[in-house]
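Okay, structure first, notes after.
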Amino acid sequence: TDNFDFSRYHTIDEIYSFQDMLVAENPNMVSKIVIGRSYQGRPLNVLKFSTGGTNRPAIWIDTGIHSREWVTQASGTWFAKKIVTDYGRDPALTAILNKMDIFLEIVTNPDGFYYTHTSNRMWRKTRKPNPGSNCVGVDPNRNWDAGFGGPGASSSPCSETYRGPRANSESEVKSIVDFVKSHGNIKAFVSIHSYSQMLLYPYGYTRNPAKDQTELHALAKKAITDLASLYGTRYRYGSIISTIYQASGGTIDWTYDQGIKYSYTFELRDTGRHGFILPANQIIPTARETWLALMAIMDHTFKNPY
Amino acid sequence: KKTFEGDQVLRIIPKDEVELSLVKDLEDMIEFELDFWKDAADVDTPVHIRVPFHGLQSTKMYLESQGIDYSIMIEDLQAMLDEEQEEMDSAARVADPRN
């Protein structure tokens with residue numbers, strides 16, 4: 001993976017190969033878990049970074065649940081390499097990995113991602129057909145069992161925010177739900193999107209504040225301050241409903257309600273000129289600055305066990 | 001392969017609650033087939049909307065009739081996608097063949 005070009009966008013097959021190479025190069029730290037299959041049968045790969053032990057407390061990171069947000073999958077690939085490179089060199093990451101595991105799902109919506117490369121660059125949803133409709137796919141970030149079906153999600157299969165027929169109807173979502181429940185010891189959950197430059201915490205489906213709001217807010221401030229220290233990129237932060245809009249059935253609302261206190265979602269860099277077509281030369285700067293915020297969240301999780 | 005010739009991405013910054021509400025109304029006008037890249041969230045917060053070529057005139061007429069200012073963030077989406085594809089192709093050509 002030293003020769004992998006992190007400064008350009010890659011197809012799903014290239015990312016799958018990268019994952020296998022990383023595992024082969026780091027057999028004592030990295031393993032690949034297939035937590036399920038997408039609707040079209042693609043593996044839902046999760047990289048596990050672990051230095052030993054069983055069922056250690058863990059941190060979950062996923063990228064690319066909305067397929068067209070290419071900078072997220074590209075950043076996830078960079079994070080994977082960063083973790084193996086920095087272990088043993090960066091004291092903070094080393095301390096975390098000596099006590100905790102990190103799970104990283106780089107392509108959370110593989111059917112959609114493949115579709116963006118082959119058929120429709122602007123595709124966001126999954127690729128499961130909807131009976132009775134010509135429109136395909138479900139917004140996997142409206143499909144979680146957290147205020148499912150409430151305001152801020154669409155009941156129309158043709159909408160970009162279609163919630164699906166029922167919570168967890170999408171295997172891409174259900175597979176994570178099953179994994180999180182069966183693991184039972186995940187302490188932080190970070191879901192990464194692009195592009196609005198925001199760091200958000202629960203809730204999206206209700207105006208009720210999360211019971212840990214004060215701590216989550218302070219940690220978000222620390223994370224975006226660290227992020228901005230590299231290139232000055234400015235982020236907004238707060239709860240989903242107060243910072244963007246009401247959204248029901250979202251990922252981190254469900255994880256928070258499962259008891260995962262440090263639940264956050266990112267919206268990565270926005271040049272204000274290109275939208276989802278972020279130039280490839282922005283990938284590494286985006287990944288580098290985001291890593292600083294991720295480290296702030298992971299370090300806080302490590303130092304504040306619960 | 002779906003192409004986006006002539007599609008534009010418009011940027012709108014709602015000045016007040018009335019404009020915000022009018023922009024949100026666009027989300028319900030399904031005949032325009034708009035794709036909200038960045039939703040209408042708040043006053044003074046940019047909204048980005050991909051407008052298919054066939055809906056450009058109607059959408060712009062709606063905005064202008066309501067007195068809502070907009071700018072064109074992406075003039076021709078397909079041109080930008082072509083550039084992205086060319087960049088990927090050229091990067092693949094120069095990549096180490098062992099990759």
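Below, read A as the first sequence line, B as the second, and so on, with proteins coming before strands; counting in each chain starts at 1.
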Partner of Arg121(A) under side chain to side chain donor-acceptor pair (under 3.5 Å), picked from Gln85(B), Glu84(B), Gln78(B), is Glu84(B)
Does any non-hydrogen side-chain atom of Arg8(A) lie less than 4.5 Å from one of Glu87(B)? no
Which one wins on heavy-atom pair count under 4.5 Å against chain B: Ser7(A), Ala280(A), Ser156(A)? Ala280(A)
Nearest 0.5 Å, please: how far is NZ in Lys1(B) from OH in Tyr115(A)? 11.0 Å
Using the rule given for side-chain contact (heavy atoms from CB on, under 4.5 Å), can you reason through Thr45(B) versus Arg236(A), listing the C-alpha separation, both sets of side-chain angles and the distance that settles it, and then say yes or no? CA-CA 11 Å; Thr45(B) 302; Arg236(A) 289 188 291 143; 3.7 Å; yes
Thr161(A) side chain reached by Asp39(B) side chain, heavy atoms, under 4.5 Å: no
I would like to know whether Arg124(A) and Asp35(B) meet salt bridge (Lys or Arg N to Asp or Glu O under 4.0 Å); could you show each step before the answer? CA-CA 10 Å; Arg124(A) 162 188 167 106; Asp35(B) 176 9; over 6 Å; no
Look at atom CG of Asn134(A) and say whether more than 12 heavy atoms of other residues, nucleotides or ligands are closer to it than 6.0 Å. no
How about NZ on Lys221(A), more than 12 heavy atoms from neighbouring residues, nucleotides or ligands closer than 6.0 Å, or not? no
Answer yes or no: is there a side-chain heavy-atom contact under 4.5 Å between Ser119(A) and Lys2(B)? no
Leading residue by heavy atom contact count with chain B [cutoff under 4.5 Å; candidates Ser17(A), Ser159(A), Cys158(A), Gly272(A)]: Gly272(A)
Under a 4.5 Å heavy-atom cut-off, does chain A meet the side chain of Phe36(B), its backbone, both or neither? backbone
What's the separation between atom CE in Met122(A) and atom CZ in Arg50(B), rounded to the nearest 0.5 Å? 7.0 Å
Would you please classify the geometry between the Trp37(B) ring and the Tyr195(A) ring as parallel, tilted or perpendicular, with 30° and 60° separating the classes? perpendicular
Identify which part of Ser154(A) has an atom lying under 4.5 Å from any heavy atom of chain B, answering side chain, backbone, both or neither. neither
For residues Met88(B) and His117(A), determine if any side-chain heavy atom of one lies less than 4.5 Å from a side-chain heavy atom of the other. yes
Would one find more than 12 heavy atoms of other residues, nucleotides or ligands at under 6.0 Å from atom OH of Tyr231(A)? yes
Around atom CD of Glu86(B), are there more than 12 heavy atoms from other residues, nucleotides or ligands closer than 6.0 Å? yes
I'd like to know whether OH of Tyr114(A) has more than 12 heavy-atom contacts from other residues, nucleotides or ligands below 6.0 angstrom. no
Among His274(A), Glu267(A), Glu14(A), Glu160(A), who wins on heavy-atom pairs under 4.5 Å with chain B? His274(A)
From the list Val9(B), Asp42(B), Leu81(B), the residue making the most non-hydrogen contacts under 4.5 Å with chain A is Leu81(B)
Heavy-atom distance under 4.5 Å to chain A: side chain of Thr3(B), backbone, both or neither? neither
If you tally heavy-atom pairs under 4.5 Å between each of Arg68(A), Gln246(A), His10(A) and chain B, the highest tally belongs to Arg68(A)
When rounded to the nearest 0.5 angstrom, what is the spacing between CZ in Phe276(A) and NZ in Lys38(B)? 9.5 Å
